Structures are given as C-alpha cells and as structure tokens.
Amino acid sequence: MSRQARIIDGKAIAADLRATIKTATEKMARKHDIQPGLAVVLVGEDPASQVYVRNKGRQCAEAGMKSFTHRLPAETGEEQILELVENLNRAPAVDGILVQLPLPGHIDANRIIDAIDPDKDVDGLHVINAGRLISGREGLRPCTPVGCVMLARHALGDLQGLNAVIVGRSNLVGKPLAQLLLNENCTVTIAHSRTRHLNQVCHGADLLIAAVGVPELIKGSWVRPGACVIDVGINRVDAGGGKMRLIGDVEFDTAVKTAGFITPVPGGVGPMTIACLLLNTLRAACTHHDIALASYIDLTRI
Ligand code: GUN
C-alpha cells in the first residue's frame, strides 16, 4: 500500500507563533512602555549568514521589536568583538545578543559566547545556560531545538514515552535537544555519523530528528512506518545550471512514503528557529525588566 506522510508546515506554525509574540510585544509596549531589543553581531561576509541576519532584523521589526545589527569586517580581532559584546551587555535598550556563527577561523567562538551576559544570551549557547538546561533550571534555551520540540508536539501532541532518536551531537542542536526531549519524558538516543548500524538505530525511533549536516544521509527505508521525522539539515547542493538547491539530512522523497509526519526543507525547522529567537528576546526582556512572561503569553500553548 502506498502511503504519504502528513507534512508538518513549519512556515505556518512559525507564522502563528510570530503573531502570538507580536500581540505580546504590543501589550508590553502599552502596559510598560517597553520595546524588546535584539542586537545581532555579524563578522565577515559569509553569504548564508548575511541572509540569516537580514531575516532576523526584518522579523524583529515585524514583531514590534527593535533590532541593532553590527556588521564587522572578517579581519576584526577578538578583543574588538569582546569590547562590542561588553558594550551590548551594558546597553539598556538591548535585551538579547546574538553573535552569528560561524565566526572567522582566527576567533575563539567560545570566548566570545562566554562574554555575553547569560540573561541576554538569546541563542542559549552560554555555558551557564547549557548548565541551567541540564540541571533543570530556568534559562534561555537554544532556538532550533526548541523549534523542533514545538513541531513534534504540533504533530504528535504529548511526547511522553516515545523513543526519540537524534542523529547529530552538536552543542547548537543535538545535545540541547536531547535534554529538552528528556524533559518531555521521551526515551532519548543520541546517534551520529559514526554510529554503528545507524539504519537500525533510526528504525527504532517513533520520533526521528536529523541534525547531522550530511545531505540525505537518512533514507526512507530507515524510517519506521508512521514515525515523525524532523529534518534540521539545511544543505546547499548544486542543482545544475549554476543554481543551488536546499536539501535536508533526510532523503525526503523516500521518507515521505514511510513516515507518519515529516518536515520539509525548506519550510520546516528553519522558520521556527527565528520565531523561537523572537520568543527568547521577549523572554529576555521580561527577565531584564522583572516582568512575568506568562502574563503576556500562554506558555502552555508553546
Ligand atoms: N548559525 C547558524 N545557526 C545559528 C544559530 O542558531 N545561532 C547563531 N548564532 N548562529 C547560527
């Protein structure tokens, strides 16, 4: 029997979340005369990063937030970036700080991230926020993993008791996502590109999340019938005729025949990441001004 998975429309779900955030931001402006502000630091001219940064600025404005973009030349020294981060830490109008990754090779990214005030670290990458997450305390969570959990909950509802397999172990996605899914009471496996019998490990998943950065590594035959597949991969491949095409870490055309639910690339996880960044900026503004986020947003919905 030929089946077809339901497509998880990340674009629509993210638009809905952004609308909720916008309503909360407007209410905050009316009630407290506060406008959340996000500072984005871009070092160098990486084309993909430039697109992301432009989108972040635009979506901030659309959500009623201020955005401050700092573009620095690729040869900027570490000390200069640290000085900028220190200034942003002290700036009253800045609630969130994001340093776009990857940074040029001569910069120690960890040193920069750890200079950010943890309560302004809207990427959730500071070692303090990683520690808060793992020890079950309040803190800012990384945006992409939060977006993945939202999409999975949208498709499946309660995630309790599910076998979740994450392929990928990065600090940005795989590792924090494992903790978030544990918090949802999933049984979590972290696999990666060196995992033996990766196909069999994937086949055990009710919820399969691919964040390994290898184009179409995961085949449809590895997907358990009816499973929910979330594809974090964004790989640019040559589409011929001088054009580039975006593909995920999952072979969509075969997986869509086996999975119960699947995210497309593009239009799945990507839009959720920026929406969750806006949510973190709102969250950071609430912390900064000692306001309860729950009075602006129904947190049980997200
Ligand atoms: N580059 C690609 N994804 C991200 C992200 O989520 N945060 C930052 N800071 N840089 C990125």
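These numbers were taken from a predicted model, which means no experiment stands behind them. Remember, it's 1-based here, ligands and their atoms both numbered in the order they're listed.
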Could you list the donor-acceptor pairs under 3.5 angstrom formed between side-chain atoms of residues 139-150 and any protein atom two or more places apart in sequence or on another chain?
| residue | atom | partner | partner atom | Å |
| --- | --- | --- | --- | --- |
| Arg141 | NH1 | Arg137 | O | 3.1 |
| Arg141 | NH2 | Arg137 | O | 2.8 |
| Thr144 | OG1 | Thr273 | OG1 | 2.9 |

* Structure fact -> Applied to residues 214-226, the side-chain hydrogen bond (donor to acceptor under 3.5 Å, both in side chains) test, sequence neighbours excluded, yields Asp206-Arg224
Please list, one pair per line, the donor and acceptor atoms closer than 3.5 Å that link side chains of residues 38-47 to other protein atoms, with sequence neighbours excluded.
| residue | atom | partner | partner atom | Å |
| --- | --- | --- | --- | --- |
| Asp46 | OD2 | Ser49 | N | 3.0 |
| Asp46 | OD2 | Ser49 | OG | 2.9 |

* To do: Run the numbers on Thr23 and Glu26 for side-chain hydrogen bond (donor to acceptor under 3.5 Å, both in side chains), then give the verdict.
  => CA-CA 5 Å; Thr23 304; Glu26 287 168 351; 5.1 Å; no
* **Minimal non-hydrogen separation, Val223 against Thr258, with atom names** => O-CG2, 3.0 Å
* Asked: Using 4.0 Å as the upper bound for N to carboxylate O, is an ion pair formed by Glu138 and Arg283?
  -> no
Run through all N or O atoms in ligand 1 and write down each protein N or O closer than 3.5 Å, as a pair with its distance.
| residue | atom | partner | partner atom | Å |
| --- | --- | --- | --- | --- |
| ligand 1 | 1 (N) | Gln100 | NE2 | 3.1 |
| ligand 1 | 1 (N) | Leu101 | O | 2.9 |
| ligand 1 | 7 (N) | Asp123 | OD1 | 3.0 |
| ligand 1 | 7 (N) | Asp123 | OD2 | 3.2 |
| ligand 1 | 9 (N) | Val99 | O | 2.8 |
| ligand 1 | 9 (N) | Asp123 | OD2 | 2.5 |
| ligand 1 | 10 (N) | Leu101 | N | 3.0 |

